[in-house]
Q: 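Below are the C-alpha cells for one structure; questions will follow.
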2 protein chains.
Amino acid sequence: MTGIRELARHLDISIGTVSRALNGKPDVNEETRRRVLEAAEKLGYVANQSGRALRKGSTGVIGFMMQTGREITGQGDTFFMSVFDGVQTVLARHRLDLVALLCSSEEDPQAYLRRVVARGFADGIILSATRRHDERFEFLARSNIPFIALGRSLTDVGQSWFDLDFEGMADTAIDRLVSHGHRHIAVTRPHDDMNLGYVFVDRCRQALARHGLTLDEAHVFRSTPNEAGGYQIARDLIACKKRPTAVVLVNEAIAIGLYRGLNEAGVKPGRDIAVIGRQSPHSQFLSPRLTCFSLALRELGSSLAESLLATMPAYSKHYPDAAARRLWPMDLVPGESDIFNL
Amino acid sequence: MTGIRELARHLDISIGTVSRALNGKPDVNEETRRRVLEAAEKLGYVANQSGRALRKGSTGVIGFMMQTGREITGQGDTFFMSVFDGVQTVLARHRLDLVALLCSSEEDPQAYLRRVVARGFADGIILSATRRHDERFEFLARSNIPFIALGRSLTDVGQSWFDLDFEGMADTAIDRLVSHGHRHIAVTRPHDDMNLGYVFVDRCRQALARHGLTLDEAHVFRSTPNEAGGYQIARDLIACKKRPTAVVLVNEAIAIGLYRGLNEAGVKPGRDIAVIGRQSPHSQFLSPRLTCFSLALRELGSSLAESLLATMPAYSKHYPDAAARRLWPMDLVPGESDIFNL
DNA sequence: TTGGCTTCCGTAAACGTTTACGATACTATG
DNA sequence: CATAGTATCGTAAACGTTTACGGAAGCCAA
C-alpha cells in the first residue's frame with residue numbers, strides 16, 4: 001500500500017476523487033465517498049504525512065516544547081501528562097496531533113526552536129518552562145508561527161499565554177496564615193531566570209501589606225525547584241536568626257525535601273511551622289498531609305489548546321472567545337501542615 | 001526564505017549543487033561548499049522537512065511513544081527526561097531528532113501507532129510501557145519499521161528490547177534481607193498486564209528458594225504503580241494475619257504511599273519492617289531514607305538508542321556490536337529503611 | 001592532437017499529496 | 001429542442017527536496 005494511487009486504481013477512480021472523498025470535500029458523490037472510505041479503512045490507507053504537508057503547507061502537528069535532562073519546571077510527570085491529555089481532547093476535534101518536541105540539554109533552546117520552525121515541523125507550538133526574558137517569543141513572533149506559552153514572561157510580543165494564578169494563590173495563602181495568627185511568613189521562589197518567582201513574591205508582599213505586615217527579605221528563600229531545593233530551604237529556614245512561623249512553597253516538588261529537612265531539625269510541620277504548598281502526586285501522602293493548592297490539569301490543557309487554536313487562522317473561527325491571556329485558578333486543599341494557631 | 005531555490009539564486013548556482021553541498025555529498029568543490037554553508041548559516045536556511053522526507057523516504061525523526069493521562073509506568077518525570085537526554089546524545093551524532101509521540105488516553109494505542117506509522121512520521125520508534133501481551137510489536141514487525149522496546153514482553157517477534165535487570169534486583173534484595181535474618185518477605189507487583197510483575201515475583205521466589213525459604217502467596221501485593229498503590233499495599237500488609245518483616249517494592253512511585261500507610265498504623269520502616277525500593281527523585285528525602293536500587297538513566301538512554309540504530313540499515317554499520325537484548329544493571333543504594341536485624 | 005580520466009556542476013525527474021480548472025453527463029427550464 | 005445550471009469526476013500542476021544522469025572543462029599521457 002504505497003499510496004493514494006494504488007487506492008485509486010483499486011477503486012478504479014482517479015486519485016483526485018479519492019483525495020476529495022477522504023478530505024470531506026463537497027465535490028464528490030456520497031456513494032463514491034462511502035466506497036472510498038470503506039476501501040481506505042479495509043486496506044489501512046493513511047495519507048502520507050510528508051506529501052500532504054508539502055502540498056498543504058501545514059503538517060497537522062502541534063508541538064509542545066520541553067527540555068530534557070533538566071529540572072527547571074519543578075512539575076511532576078503527572079502534571080504534563082494530564083495537561084497533554086487535555087490538550088489532545090481539543091486537538092482531536094480538528095484531527096491535529098500533539099507531539100512533545102524534546103530539546104536536548106546539549107542544544108541551545110533557541111537554536112533548537114529555529115531548526116524546528118525552519119523545517120516546518122509543526123503548525124503551532126506550545127512553550128513551557130518560559131524564562132523571565134525569553135527570546136523564543138521574539139523568534140516565534142518574527143517567524144509568524146502560531147504559539148502560546150504556558151507561563152508568563154517579561155518578554156512581550158503580544159503572544160498569548162496561560163499561567164497558574166499565583167496571585168490568587170499568594171492572596172489566599174497569606175490571608176489564611178495571617179488569620180491563624182502568623183506574623184512572620186516565609187516564601188520560596190525558584191532561581192532568578194524564572195518569572196514566577198518575582199510574580200509570586202511581589203504578590204505575597206502586597207498581601208502581607210494589606211494586613212499591615214512586611215515581608216522580611218531574609219524570609220525569601222531561593223532554591224532549585226526540585227526535592228533538593230526543598231531540603232536546602234529547610235536548612236536555611238532553620239538557620240534563620242528570626243525564624244518564621246510559616247512558609248509558602250511555590251513549587252510542586254520541593255515539599256518533600258522541606259519536610260525532611262525540618263524533621264531532621266526536630267521542627268514538625270503543622271505544629272512548629274505552618275507549611276502551604278502545591279499539590280503533587282505525593283502531597284497527600286506526606287505526614288502531615290500537605291495543605292496545598294490544586295488545579296484542574298486536564299481542563300487547563302483543553303483551555304490552553306483552545307487559546308492556541310484561536311490564534312491560528314484555520315481554526316480561529318471555532319474559538320471566537322478563547323481568552324488570549326489567562327490565569328488559571330487554583331483551589332486550596334486543606335491538609336494538616338498548616339493547622340495550628342499561634 | 002522560502003527554500004533552496006532562493007538560496008541557489010542568491011549564490012548564483014544550481015539547486016542541485018546547493019543540495020549536494022549541504023548534504024556533504026562528494027561531487028562538490030570545497031570552496032563552493034564553504035560558500036553554500038556560509039550563506040545557509042547567514043540566511044538561516046534549514047531544509048524543509050516535508051520536501052526532504054517526501055523525496056528521501058525518511059524523516060530523520062525517532063519517536064518515543066508514551067501514553068498521556070495515565071499512570072501506567074510508575075516512573076517519575078526525571079526518569080524519562082534523563083533517558084531522553086541519553087537517547088539524544090546518540091541520535092545527535094546522526095542528525096536525528098527525538099520527539100515524544102503522545103497517545104491520548106482516548107485513543108487506542110494500537111490505532112495510534114498504526115496512524116503514526118502509515119503517515120510515515122518516524123524512521124524508528126521506541127516503545128515504553130510495554131504490556132505482557134503487546135500487539136504493537138507484531139504490528140511494527142509486520143510494518144517493517146525499526147523499533148525497540150523499553151521493557152520486556154511475552155510477545156516475541158524477534159524485536160530488540162531493553163529492560164531493567166529486575167532479576168538482579170530480586171537476587172540482591174532477597175539475599176540482603178535474608179542475611180539480616182528476615183524469613184517472611186513480601187514483594188509487590190503492578191497489575192496483571194505488566195510483564196514486570198511476573199518476572200520480578202518469579203525471581204524473588206527463586207531467590208528465596210535458594211535460602212530454603214518460600215514466598216507466601218499472601219505476601220505478593222498487587223497495586224497500581226503510583227503513590228495511592230503504595231498506600232494500599234501498606235494497608236494490605238498490616239491487615240495480613242501473618243505480617244512479613246520486610247517488603248521489596250518494584251515500582252518507583254509507591255514508596256511514599258507505603259510510608260504513609262505504615263506510619264498511620266504505627267509501623268516504622270527500618271525498625272518494624274524493612275523496606276527496599278527503587279530510587280526516585282524523592283527516595284532520599286523520605287524518613288527514614290529509602291534503601292533503593294538506582295540506575296544510570298542517561299547511559300541507559302544512550303545504549304537504548306544505539307541498539308535501535310543497530311536495527312536500522314542506514315546506521316547499523318556504526319553499531320556492529322550493540323546488544324539487541326539487554327538487562328540494564330541496577331545498584332543498591334543503602335539507606336536506613338532496611339537496616340535492622342531480627 | 002587525441003583520447004580518457006577527473007572534477008565539478010546543471011538539468012530534470014521523482015517522492016505522494018492537494019486542488020484549481022475544465023470536461024462530461026444529467027436535470028431543469030424556457 | 002436549446003440552453004443554463006448542477007453534480008460529479010479526471011487532469012495536471014504544484015509543494016521543496018534529493019539524486020541519477022549527462023555535460024563541460026581541465027588535466028595528463030600517449
Side-chain angles (χ1 to χ4, degrees), chain A residues 1-37 39-40 43-61 95 97 115-123 314, chain B residues 1-37 39-40 43-61 95 97 115-123 314:
Chain A
M1 176 53 47
T2 73
I4 199 173
R5 231 171 310 248
E6 280 200 33
L7 187 55
R9 192 165 337 129
H10 179 262
L11 287 164
D12 201 35
I13 55 182
S14 78
I15 62 172
T17 303
V18 173
S19 176
R20 278 188 295 266
L22 291 172
N23 290 20
K25 292 297 163 72
D27 276 11
V28 49
N29 183 289
E30 280 310 318
E31 165 61 15
T32 25
R33 186 191 304 278
R34 196 193 52 74
R35 281 180 55 222
V36 170
L37 291 175
L43 300 180
Y45 169 80
V46 179
N48 175 283
Q49 161 79 359
S50 307
R52 158 185 289 233
L54 180 57
R55 168 64 217 223
K56 302 225 314 180
S58 69
T59 61
V61 171
R95 300 159 138 251
D97 266 317
R115 207 155 48 86
V116 166
V117 168
R119 286 176 30 159
F121 200 94
D123 294 344
Chain B
M1 177 51 49
T2 72
I4 200 174
R5 233 173 305 254
E6 281 200 31
L7 187 57
R9 195 166 333 130
H10 179 263
L11 287 164
D12 202 34
I13 55 183
S14 77
I15 62 172
T17 303
V18 173
S19 176
R20 278 189 295 266
L22 291 172
N23 291 19
K25 291 296 163 73
D27 274 13
V28 49
N29 184 289
E30 280 311 317
E31 166 62 14
T32 34
R33 187 192 304 278
R34 195 192 53 73
R35 281 179 55 222
V36 170
L37 291 176
L43 301 180
Y45 169 79
V46 178
N48 176 282
Q49 161 79 358
S50 307
R52 158 185 289 234
L54 180 58
R55 169 62 217 222
K56 302 225 314 180
S58 69
T59 62
V61 170
R95 298 159 138 255
D97 266 316
R115 208 155 48 86
V116 166
V117 169
R119 286 175 30 156
F121 200 94
D123 294 344

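Convention: sequence-line order gives letters A, B, ...; per-chain numbering from 1.
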Q: Could you state the atom-to-atom distance from CD1 of A/I13 to P of D/dT8 in whole Å?
A: 13 Å
Q: Can any side-chain N or O of B/T59 pair as donor or acceptor with the backbone N or O of B/F121 at less than 3.5 Å?
A: yes
Q: Can you check the B/D12 CG to C/dC9 P distance for me, whole Å?
A: 12 Å
Q: Quick one: does A/R20 reach the base of D/dG10 with a side-chain donor-acceptor pair under 3.5 Å?
A: yes
Q: Starting at CD of A/E6 and ending at P of C/dT17, how long is that distance when rounded to a whole Å?
A: 10 Å
Q: Quick one: B/R5 CZ to D/dT18 C1', roughly how many Å, whole number?
A: 12 Å
Q: More 5' along DNA chain C: A/T17 or B/L54, using each one's nearest nucleotide?
A: B/L54
Q: Working to the nearest 0.5 Å, report the span between CZ of B/R20 and CG of B/N29.
A: 12.0 Å
Q: Can you tell me if B/R9 uses its side chain to pair, donor with acceptor, with the backbone of B/S14 under 3.5 Å?
A: no
Q: Nearest heavy atom decides the nucleotide; on that basis, is A/S19 or B/S14 closer to the 5' end of DNA chain C?
A: B/S14
Q: Return the value, rounded to whole Å, for the distance between atom CD of B/Q49 and atom P of D/dT17.
A: 11 Å
Q: Whole-Å distance between C/dA13 C1' and B/I15 CD1?
A: 11 Å
Q: OP1 or OP2 of C/dT17 sitting under 4.0 Å from any side-chain N/O of A/Y45?
A: yes
Q: Hey, which of these two, B/N48 or B/D27, hits DNA chain D nearer its 5' end, going by closest nucleotide?
A: B/N48
Q: Taking B/V61's backbone N and O only, do any of them form a donor-acceptor pair with B/D97's side chain (distance below 3.5 Å, no angle check)?
A: no
Q: Below 3.5 Å, does any donor atom in the side chain of B/R55 face an acceptor in the base of D/dT17, or the other way round?
A: no
Q: Rounded to the nearest Å, what distance is computed from the CZ atom of residue B/R52 to the C1' atom of nucleotide D/dC15?
A: 16 Å
Q: Taking atom CG of B/L54 and atom CG of A/N48, what is their separation to the nearest 0.5 Å?
A: 6.5 Å
Q: If I take atom NZ in residue A/K56 and atom P in nucleotide C/dC15, what distance separates them, rounded to the nearest angstrom?
A: 22 Å
Q: Look at the side-chain N and O atoms of B/N29 and state whether any lies under 4.0 Å from the OP1 or OP2 oxygen of C/dC8.
A: yes
Q: Answer with base, sugar-phosphate or nothing: what part of the nucleic acid does B/T32 contact at a heavy-atom distance below 4.0 Å?
A: sugar-phosphate
